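Contents: one structure, followed by commentary.
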Amino acid sequence: MTTTAGPARGVGELLRDWRRTRGMSQLDLSIEAGVSARHLSFVETGRSRPSPELILRLAEQLDLPLAARNTVLLAGGYAPAYSTHDLTDPELDPVRAAVRQILDAHSPYPALLVDQHWHLVEANPAVALFTAGADPRLLSPPVNVLRLSLHPDGMAPRILNLPQWRAHLLSRLRQQAVTSNDPILYDLHEELRGYPGDDAHETPISTAVSRIVVPLRYRHDGREMAFLSTTTLFGTPLDVTVAGLAVEAFFPADPATTASLQALAGPGAAHRP
């Protein structure tokens, strides 16, 4: 279910839709939030106006994204509880500095920062090996890294385990769309599903790490590389923008990939532990 939440909709209607999206009954939510099922029913039907504290308590139990919590508060006639800054705002200087430190320290391995819709915000120089050969149209801002990854004019022709990697990305995107109930992510998922890749030729997977995690197996300038990836989020964010940020870091999955990355980076580029 895709729900477009806005101030025109009642606070009870929004909370009810989120509860149903989460697959919770009124009784389940009332127990988790420490409120009577009768009172929750009155809130959802508009017979009772919830306090901002109750809205935030219900939102916490429903695991609402911060932006959605602000929307529900506005629908209830209250001010938003969470700020929304642009990344260039001085208030986010510590956030940018932390991200820059992570990206720089990860060189010569690729790492990038994306927002909640998978748009590229910042990257270290090693990410260039992923963008090399891509259609310039896919590299025009805002660059969507999932579109770049799976588009037939992007990275896809050089991904050696494309069906496996594609399934991994689509599953992750679908889960993110369901969790956030974000129509932009649902639309992106539908777009990417239409790209070819399920029937692509896949070369045998020989790296040991493939038995533990889904690797990215990639060809660049005749070199075959294998990566495992990690995602880093900011803990306990209180800003909508910061809550949507994620650092995607790629690590070499075998010694040959480590050597290739260091060779591409040039002398003196050994990875710092």
Side-chain angles (χ1 to χ4, degrees), residues 2 4 65 67 84-89 92-93 95-97 99-100 102-104 106-163 165-174 176-177 180 182-198 200 216-223 225 227 229-234 239-250 261 264-265:
T2 302
T4 303
T84 304
H85 289 95
D86 189 274
L87 270 175
T88 59
D89 291 346
L92 296 192
D93 282 350
V95 171
R96 292 197 308 275
V99 169
R100 189 70 260 168
I102 293 172
L103 298 183
D104 288 345
H106 199 66
S107 292
Y109 309 150
L112 59 151
L113 177 70
V114 296
D115 66 15
Q116 72 272 22
H117 295 136
W118 289 91
H119 293 129
L120 179 64
V121 178
E122 195 169 355
N124 68 12
V127 170
L129 75 91
F130 291 148
T131 60
D135 190 310
R137 293 175 300 172
L138 296 172
L139 301 177
S140 297
V143 177
N144 187 282
V145 300
L146 293 187
R147 183 179 293 117
L148 175 66
S149 297
L150 299 183
H151 197 284
D153 295 326
M155 292 172 55
R158 291 172 291 281
I159 298 178
L160 302 177
N161 61 331
L162 180 58
W165 186 249
R166 179 179 184 273
H168 159 66
L169 291 185
L170 288 177
S171 175
R172 182 175 172 187
L173 177 58
R174 174 68 183 178
Q176 185 181 354
S180 65
D182 189 330
I184 294 178
L185 295 179
Y186 278 112
D187 289 345
L188 179 62
H189 182 269
E190 191 64 22
E191 174 193 338
L192 300 187
R193 280 183 59 206
Y195 293 169
D198 282 337
L216 169 63
R217 300 183 61 246
Y218 196 71
R219 181 184 291 110
H220 175 74
D221 280 349
R223 295 181 172 98
M225 304 182 190
F227 299 90
S229 63
T230 65
T231 301
T232 301
L233 306 175
F234 281 91
D239 181 272
V240 173
T241 302
V242 176
L245 297 177
V247 175
E248 300 290 329
F250 293 83
L261 290 170
L264 288 169

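No experiment lies behind these values; they were computed from the predicted model shown.
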Would you name the heavy atoms of [X] and [Y] that are closest together and state the gap between them?
X	Y	result
Met225	His220	CE-CB, 4.3 Å
Val99	Glu122	CG1-OE1, 4.4 Å
Ile159	Ser149	CD1-O, 3.6 Å
Leu162	Pro196	CD2-O, 4.4 Å
Ala134	Gly154	CB-CA, 4.1 Å
Asn124	Pro110	OD1-CA, 3.7 Å

Could you give the distance from [atom1] ([X]) to [atom2] ([Y]), rounded to the nearest 0.5 Å?
X	Y	atom1	atom2	result
Leu245	Asp115	CG	CG	7.0 Å
Leu216	Arg158	CG	CZ	11.5 Å
Arg172	Thr231	CZ	OG1	3.5 Å
Thr131	Leu138	OG1	CG	11.0 Å
Asp93	Thr88	CG	OG1	9.5 Å
Asn144	Leu188	CG	CG	5.0 Å

Counting N and O atoms only, with roles assigned by atom type, does the side chain of [X] sit under 3.5 Å from a partner on the main chain of [Y], one being a donor and the other an acceptor?
X	Y	answer
Arg166	Tyr195	yes
Ser171	His168	no
Asp239	His85	yes
His117	His119	no
Arg96	Leu87	yes

Taking the side chain as everything from C-beta on, heavy atoms only, tell me whether [X] gets closer than 4.5 Å to [Y].
X	Y	answer
Leu112	Phe250	yes
Leu129	Leu261	yes
Leu264	Arg223	yes
Ile184	Asp187	no

*Using a cut-off of 6.0 Å, state whether more than 12 heavy atoms not belonging to Arg193 lie near its atom CZ.*
no
*Derivation of the side chain to side chain contact (heavy atoms under 4.5 Å, CB included) call for Leu139 and Leu148*: CA-CA 8 Å; Leu139 301 177; Leu148 175 66; 3.9 Å; yes
*Evaluate the criterion side chain to side chain contact (heavy atoms under 4.5 Å, CB included) for residue pair Leu173 and Trp118; output intermediate values, then yes/no.*
CA-CA 9 Å; Leu173 177 58; Trp118 289 91; 4.1 Å; yes
_Using the side chain to side chain donor-acceptor pair (under 3.5 Å) criterion, which residues pair with Asp221? Sequence neighbours excluded._
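For Asp221, no residue satisfies side chain to side chain donor-acceptor pair (under 3.5 Å) once neighbours in sequence are set aside.
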*What about the rings of Tyr218 and Phe227, do their centers lie closer together than 6.0 Å?*
no
_The criterion is side chain to side chain contact (heavy atoms under 4.5 Å, CB included); which residues satisfy it with Ala177, sequence neighbours excluded?_
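For Ala177 the side chain to side chain contact (heavy atoms under 4.5 Å, CB included) partners, ignoring immediate neighbours, are Leu185, Tyr186.
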*What's the verdict on side chain to side chain contact (heavy atoms under 4.5 Å, CB included) for Val114 and Leu146, showing C-alpha distance, side-chain angles and the deciding distance?*
CA-CA 10 Å; Val114 296; Leu146 293 187; over 6 Å; no
